[in-house]
Structure formats: C-alpha cells, structure tokens
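For reference, the structure discussed in these notes is given below.
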Amino acid sequence: MNIEEVQSTTKKQRIATHTHIKGLGLEPSGRAIDMAAGFVGQKEAREAAGLVVDMIKQKKMAGRALLLAGPPGTGKTALALGISQELGTKVPFCPMVGSEVYSSEVKKTEVLMENFRRAIGLRVKENKEVYEGEVTELTPEETESITGGYGKSIGGVIIGLKTIKGTKQLRLEASIYDALIKEKVVVGDVIYIEANSGAVKRVGRSDAFATEFDLEAEEYVPLPKGEVSKKKEIVQDVTLHDLDAANARPQGGQDILSLMGQMMKPKKTEITDKLRQEINKVVNGFINKGTAELVPGVLFIDEVHMLDMECFSYLNRALESSLSPIVIFATNRGICNVRGTDMNSPHGIPVDLLDRLVIIRTENYGPAEVIQILALHAQVEELHLDEESLAYLGEIGQRSSLRS
C-alpha cells in the first residue's frame with residue numbers, strides 16, 4: 001500500500017461562515033493590511049477595532065461597550081470575532097441574537113445574565129499531589145461478594161508506576177479501579193492519579209512501546225521525569241455559567257422525589273441571584289488567594305435593535321458590574337423605534353445607552369473585494385472555482401450582499 005492511499009482518521013473541523021477569520025490583520029503600527037488574517041477591505045473599521053483592542057488591554061473600556069453599525073453582509077460578526085482572536089485564543093467568545101431573549105420559560109433579563117456569565121472565563125491554577133508514571137502492573141484484588149453467592153467482587157487494585165527516577169507500587173481502592181477501567185488503562189500506558197480526589201487521567205502510551213510503523217493510532221508520550229509522587233500545577237478553564245449550572249443542578253438523594261426528579265427530563269430553570277452571589281464570593285476568594293484569575297471574554301449581541309426597554313435598562317446596569325465581559329453590539333438599522341415604545345432613536349437603542357457606546361461603522365464591499373472574499377472562502381472549503389465563476393458570484397454578491 002502506498003502512503004498516498006492511507007486515509008487520515010483525524011476528523012475534519014467544521015467550516016463555518018467565519019472559520020477563515022484569525023484576527024484583525026493589522027501591522028504593529030495599527031495600520032490595516034489589504035488582505036490579512038482572513039479579512040478583506042474594511043480598513044477603517046479594522047483600524048478602529050484595533051484601537052478598541054488596545055483600550056481593552058489597557059483596561060480603559062470599563063462601563064463601555066462597542067457598537068458595530070452597517071448594512072447586512074459587511075463583516076460585523078467577522079469584526080467581533082477578530083477582536084476576540086486579538087485578545088487571545090483562550091478568551092471566551094459568546095455570540096447571541098437579540099431575539100433569543102424572548103422565551104416562554106425564562107425571563108428576558110435571565111437570558112442576558114446567562115450569556116454575560118458564559119462570556120466570563122475563570123482560569124483556575126491548582127497545585128495537586130499526583131502519582132504519575134508508566135503502568136508496570138495492574139492487578140485487581142478479588143474478595144468474597146458481600147451479597148453472598150458464588151460471585152467475586154473487586155476489593156481494590158495493586159498498580160505499579162515507573163518514572164525515570166524510580167518505581168512505586170500502590171494499593172488503591174475499588175472506585176479507582178473503576179476509573180482505570182473507564183479510561184481503558186493497560187500496562188504500558190502513562191497515567192496520573194490525583195491523590196485527593198482519586199481522579200485518573202490517561203496521558204498516552206509510553207514511547208518505549210512505539211514500533212517501527214510510520215502510522216500509529218496511539219499517541220506516544222515520553223516516560224515522566226522526577227519521582228512517582230509529586231506536586232503538579234493543573235490549569236483548568238471554566239466560565240462563570242459553568243459554575244452556576246453545576247451548583248444549580250440538584251445533587252439528588254435516595255428519597256423517591258429525588259429519584260423521580262433525576263428520571264424526568266429537567267426543564268430549563270432559572271439560576272437564582274442568591275446562588276450567583278455565593279459563587280461570586282467563592283470566585284473572589286480564589287482570585288484574592290492567587291489561585292485563579294478572571295478572563296473577561298467577548299459577548300456579541302447581533303440584531304441589538306430586537307431588544308426592548310427592559311433589556312436595555314438591564315444592560316446599562318450590567319455594564320457597570322465588576323464582573324462584566326467586553327460587550328459588542330451589532331445592528332443594520334438606522335433611525336428606528338425602540339422596540340415596545342413609540343420613541344425613535346438611532347439604531348433602535350435608547351440615548352442613555354448610546355452615550356456609553358463606541359461606534360464603528362462598516363461600509364459596503366466593492367466588486368473586487370467581494371470576489372476576493374469568495375476566493376478566500378473557496379480556498380478554506382477546498383473548492384476550485386475558475387475566474388468566470390468567481391466573477392458571476394461576485395456580481396450576485398454585489399447586487400444582494402454576501403449572505404446570498
């Protein structure tokens with residue numbers, strides 16, 4: 001078999017509308033490059049967005065938000081994504097549409113708060129005592145079944161771990177044996193076991209077992225350095241909404257109501273303010289101790305003119321909070337009614353909230369730019385289009401926007 005005939009087993013990443021956006025495509029001086037980081041044109045908007053990124057990094061955007069205004073298909077969502085990419089790859093990006101807040105089950109302000117919390121990351125650094133090494137022995141200890149009969153039950157497991165510095169034999173309880181089975185650990189795998197929680201993580205197969213084949217399904221890792229028992233810094237990224245949801249879910253008990261509640265499909269329920277305040281206290285405690293840091297992400301609200309006065313007054317208050325992400329609004333409306341009122345206002349946003357906004361305008365693309373964008377998309381999606389096809393598609397894009 002030739003190497004060219006071997007198909008990769010790696011799943012291809014899904015290609016979305018803005019997969020090609022990797023940043024704002026700016027020079028170090030802040031000037032926009034004609035075609036860079038997946039962007040074409042919109043030089044003035046990109047340069048303005050670069051200034052906003054600098055303001056965010058210097059912590060000068062507190063209490064403010066950004067509004068991207070322009071016709072449909074002029075790259076407002078792409079600009080928001082570019083800003084997020086410029087802030088860092090680990091920064092949470094939470095997109096939503098204005099009409100999402102209208103739900104029969106949950107209050108409008110609750111939907112907004114949930115998305116606010118999704119856009120705020122928490123990077124937790126913990127020094128945990130772990131046992132790490134290559135598995136040299138894995139022997140379950142069988143005991144007589146406590147229920148009687150002829151069956152045997154697993155009472156514990158003896159596991160041998162090896163590192164460059166030495167080996168160690170551990171006797172662990174049955175629950176850790178279950179975790180080892182779940183992770184499909186076998187002799188020759190490199191694993192680590194947390195001493196406090198008993199959590200097991202399979203890192204990969206020891207490179208001592210690597211064969212001469214060029215193509216292998218396994219990921220081979222070197223033998224760990226140092227002692228088997230060590231302290232290791234583990235970094236975990238979560239959002240505040242993850243913490244809310246984990247603590248709001250009932251833990252359950254053995255009574256009939258708890259069991260029925262677990263069997264029934266839960267409806268979407270609101271998370272109380274009291275719970276959020278408790279989580280904020282715990283988070284602030286972690287931050288003060290230095291074991292965690294807050295990572296403010298980007299909340300992108302498209303079609304912001306769909307929100308009503310209740311939502312806008314809530315956003316006014318939420319923007320002043322110390323736990324607030326970078327909020328980016330987008331709209332394609334000019335002067336129009338604020339939803340639910342007879343009041344006319346620019347972009348359908350009340351004037352008191354407009355005063356807080358930094359506004360960036362996007363312009364319509366020219367025919368050459370539309371063709372360049374289509375060629376870029378075709379390249380990402382691995383499509384081969386000739387010049388005549390691109391010119392025809394460019395005409396359609398110029399006539400009825402890139403969305404078509």
Side-chain angles (χ1 to χ4, degrees), residues 56 59 61-65 87-88 90-96 100-129 194-199 233-301 307 310-327:
I56 292 166
K59 295 182 169 57
M61 275 287 282
R64 292 187 171 276
L87 292 170
K90 292 279 187 183
V91 170
F93 180 74
C94 179
M96 66 170 287
E100 274 181 43
V101 301
Y102 302 106
S103 161
S104 58
E105 291 180 351
V106 183
K107 286 187 297 191
K108 290 176 276 192
T109 52
E110 173 64 24
V111 175
L112 283 172
M113 175 53 88
E114 188 177 301
N115 282 288
F116 259 76
R117 307 275 287 186
R118 275 185 210 277
I120 303 170
L122 188 72
R123 189 163 295 147
V124 185
K125 295 175 186 173
E126 289 182 280
N127 282 317
K128 291 188 175 178
E129 191 179 333
E194 288 180 18
N196 295 337
S197 63
E233 187 180 72
I234 294 167
V235 179
Q236 190 179 1
D237 287 299
V238 293
T239 65
L240 293 187
H241 177 69
D242 294 338
L243 298 176
D244 294 343
N247 286 283
R249 201 175 296 122
Q251 301 303 312
Q254 297 304 311
D255 60 311
I256 190 71
L257 285 174
S258 296
L259 291 170
M260 282 179 67
Q262 287 168 31
M263 284 189 288
M264 289 169 66
K265 190 179 177 184
K267 284 181 77 177
K268 188 170 172 60
T269 54
E270 293 183 16
I271 296 161
T272 61
D273 276 342
K274 188 178 178 184
L275 176 67
R276 286 202 175 108
Q277 284 166 12
E278 290 297 320
I279 287 167
N280 288 351
K281 274 184 195 172
V282 174
V283 167
N284 287 330
F286 279 141
I287 293 165
N288 293 336
K289 282 181 195 171
T291 57
E293 62 171 315
L294 213 60
V295 184
V298 174
L299 173 61
F300 176 60
I301 305 178
L307 300 180
E310 188 183 346
C311 297
F312 286 126
S313 61
Y314 181 81
L315 285 169
N316 251 329
R317 185 178 70 88
L319 285 171
E320 293 176 351
S321 166
S322 58
L323 292 176
S324 174
I326 296 105
V327 182

Approximate separation, where rounding is to 0.5 Å, of [X] [atom1] and [Y] [atom2]:
X	Y	atom1	atom2	result
E114	K107	CD	NZ	13.0 Å
D242	L122	CG	CG	10.0 Å
L112	E100	CG	CD	9.5 Å
M61	S324	CE	OG	10.0 Å
R123	T291	CZ	OG1	14.0 Å
K274	I279	NZ	CD1	13.0 Å

Practice item. Could you tell me how the ring of F116 sits relative to the ring of Y314: parallel (under 30°), tilted (30 to 60°) or perpendicular (over 60°)? Key: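 F116 vs Y314 ring planes: perpendicular.
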Practice item. Determine whether L307 and L315 make a side-chain contact, defined as any pair of heavy atoms from C-beta on separated by less than 4.5 Å. Key: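 Yes, their side chains come closer than 4.5 Å.
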Point to revise | H241 and its side chain to side chain contact (heavy atoms under 4.5 Å, CB included) partner, picked from T239, V238, L243 | key: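 Of the listed options, the one satisfying the test is T239.
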Review point. Quick one: which of I326, I120, V91 gives a side chain to side chain contact (heavy atoms under 4.5 Å, CB included) with P296?
Key: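 Considering I326, I120, V91, a side chain to side chain contact (heavy atoms under 4.5 Å, CB included) with P296 is found only for I326.
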What residues, two or more places apart in sequence or in another chain, satisfy side chain to side chain contact (heavy atoms under 4.5 Å, CB included) together with [X]?
X	value
A65	L319, V327, F329, L357
E278	K281
S313	none

Review point. So, for P325 and G297, which heavy atoms are closest and what is the spacing to 0.1 Å?
Key: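 Residues P325 and G297, closest heavy atoms: CB-O, 3.5 Å.
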Exercise for review: For side chain to side chain contact (heavy atoms under 4.5 Å, CB included), just list the numbers for M96 and R118, CA-CA rounded to whole Å, side-chain angles, deciding distance to a tenth of an Å, and then say yes or no.
Suggested key: CA-CA 11 Å; M96 66 170 287; R118 275 185 210 277; over 6 Å; no
